[in-house]
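Data first, discussion second: the structure below is written as structure tokens.
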Amino acid sequence: MKLSFLLSAVALFCVGTLAQNPENEERLPFQSKGKDACVMSPNGQGEIRLKIECKNQGKSYSCEFAGKPSYCRAYNRDKKGFWKKLSEDLSKVTNPCDAQVIRHSLCPKAPSQSQLRQVNGSPQSDTSKPEAKAPATQKTTTKKPPVTKKPAAPKKLVEEPENPKAMKIAKERCWWYFQKFCSYMVEIFIS
């Protein structure tokens, strides 16, 4: 009995490992607001890497984002739906690689780790024939040095010293996050 349980556990582990083959990465096509044909491909576990490649009339660009969307409940519930909705969100943007951070509309209150931050990106490149540009003519102009304003002296905030008795009671009775507030309330009732 124990041997069959052990063999089935090993078989499940092997099947699970084979199912997570990175060659099976998902590719989601979408069209940006600027009419660029884009393909988004998420891969990885834990920290997800999202690669976006776009092309339009000889121009092509790509970028890569990284983040941990597993901090978002919507991602944990339905991963395919999460990526589909993200591609819909990105289709409303002219250039998806302009963003430094992608915030998912399904996870507005998720922690910052769940947001996808840009890791690297390539600027738009033109694969068509370069056009000949006329040399720019230089005009000699005299510029006045910019007038710099002296920064104003920082204002000093005058804080009233805390009542040590009220602070002691707050530290004993209140959660650390609310100790300032508690000491304020205690000070009101003491005086």
Side-chain angles (χ1 to χ4, degrees), residues 9 12-128 149 151-152 154-157 159 170-171 174-185:
L12 281 173
F13 175 76
C14 292
V15 169
T17 304
L18 292 174
Q20 297 169 359
N21 189 356
E23 293 173 4
N24 295 334
E25 73 180 35
E26 190 174 358
R27 296 178 59 83
L28 299 162
F30 66 95
Q31 185 176 19
S32 71
K33 189 176 182 180
K35 304 295 182 195
D36 298 338
C38 300
V39 176
M40 158 175 111
S41 54
N43 59 15
Q45 291 180 342
E47 182 171 84
I48 303 292
R49 298 203 66 66
L50 177 70
K51 186 170 186 175
I52 299 175
E53 299 169 321
C54 297
K55 295 177 183 176
N56 185 12
Q57 298 176 352
K59 294 179 184 177
S60 66
Y61 56 94
S62 66
C63 53
E64 192 169 351
F65 293 85
K68 296 180 180 179
S70 58
Y71 284 98
C72 174
R73 290 182 185 172
Y75 175 80
N76 293 324
R77 269 189 256 126
D78 180 19
K79 292 178 183 172
K80 289 190 182 221
F82 177 88
W83 294 118
K84 184 178 178 187
K85 180 64 178 158
L86 183 65
S87 68
E88 290 173 8
D89 290 348
L90 290 174
S91 68
K92 297 174 185 173
V93 180
T94 306
N95 183 344
C97 290
D98 280 347
Q100 293 296 314
V101 176
I102 297 176
R103 292 176 185 89
H104 199 291
S105 62
L106 292 177
C107 305
K109 295 181 181 178
S112 63
Q113 297 98 331
S114 70
Q115 298 170 352
L116 298 167
R117 299 190 187 287
Q118 191 171 50
V119 178
N120 60 23
S122 68
Q124 291 189 358
S125 61
D126 193 358
T127 57
S128 63
K149 294 182 181 179
K155 295 179 182 177
K156 294 182 180 178
L157 297 176
E159 291 187 19
K171 283 184 179 179
C174 297
W175 188 35
W176 68 269
Y177 191 75
F178 295 110
Q179 285 178 357
K180 273 262 206 229
F181 177 73
C182 287
S183 69
Y184 174 73
M185 295 303 290

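In this chain, residues are counted from 1 in sequence order.
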Could you grab the distance from atom SG of C63 to atom CE of M40, nearest 0.5 Å is fine? 11.5 Å
Has Q118 got a side-chain atom pairing as donor or acceptor with C97's backbone, closer than 3.5 angstrom? yes
With the side chain counted from C-beta on, respond yes when I102 and L90 share a heavy-atom pair under 4.5 Å apart, and no when they do not. yes
R49: what forms a salt bridge (charged side-chain N to carboxylate O under 4.0 Å, His left out) with it, not counting sequence neighbours? E64
What residues, two or more places apart in sequence or in another chain, satisfy side chain to side chain donor-acceptor pair (under 3.5 Å) together with N76? none
Under 3.5 Å, sequence neighbours excluded: what are the donor-acceptor pairs made by side chains of residues 78-88?
| unit_1 | atom_1 | unit_2 | atom_2 | d |
| --- | --- | --- | --- | --- |
| D78 | OD1 | G81 | N | 3.3 |
| D78 | OD2 | G81 | N | 3.4 |
| S87 | OG | K84 | O | 2.6 |

Between C54 and S32, is there a side-chain heavy-atom distance shorter than 4.5 Å? no
Would you compute the distance between atom CG of N120 and atom OG of S62 and round it to the nearest 0.5 angstrom? 7.5 Å
Pairing residues for F178 by the ring-ring contact (aromatic ring centres under 6.0 Å, His included) criterion, not counting sequence neighbours: W175
Who are the side chain to side chain donor-acceptor pair (under 3.5 Å) partners of S105, not counting sequence neighbours? D89
If the condition is side chain to side chain donor-acceptor pair (under 3.5 Å), which residues does E47 pass it with, not counting sequence neighbours? none
Walk me through whether K68 and S114 qualify under side-chain contact (heavy atoms from CB on, under 4.5 Å). CA-CA 5 Å; K68 296 180 180 179; S114 70; 5.9 Å; no
So do K171 and Q179 actually touch side chain to side chain, heavy atoms under 4.5 Å? yes
Minimum heavy-atom distance between I48 and P42, given as atom pair plus value: CG2-CB, 4.1 Å
Could you give the distance from NZ (K33) to CG (N95), rounded to the nearest 0.5 Å? 12.5 Å
Do you know which two heavy atoms are closest between G46 and S70, and how far apart they sit? O-OG, 4.5 Å
For N56, what residues pass the side chain to side chain donor-acceptor pair (under 3.5 Å) criterion, not counting sequence neighbours? D36
Kindly write out the residues that satisfy salt bridge (charged side-chain N to carboxylate O under 4.0 Å, His left out) with K51, not counting sequence neighbours, or none if the list is empty. E53
Could you pull out all residues at least two apart from S91 that satisfy side chain to side chain contact (heavy atoms under 4.5 Å, CB included)? F30
Got a sec, which residues hit side chain to side chain contact (heavy atoms under 4.5 Å, CB included) with Q113, two or more places apart in sequence or on another chain? Y71, P111
Are C107 and Q115 close enough that some pair of their side-chain heavy atoms sits under 4.5 Å apart? no
Does the pair C182/C174 show an SG-SG distance of less than 2.5 angstrom? yes
Does F65 reach the side chain of V119, with side-chain heavy atoms less than 4.5 Å apart? no
Residues forming a side chain to side chain contact (heavy atoms under 4.5 Å, CB included) with V93, sequence neighbours excluded: none
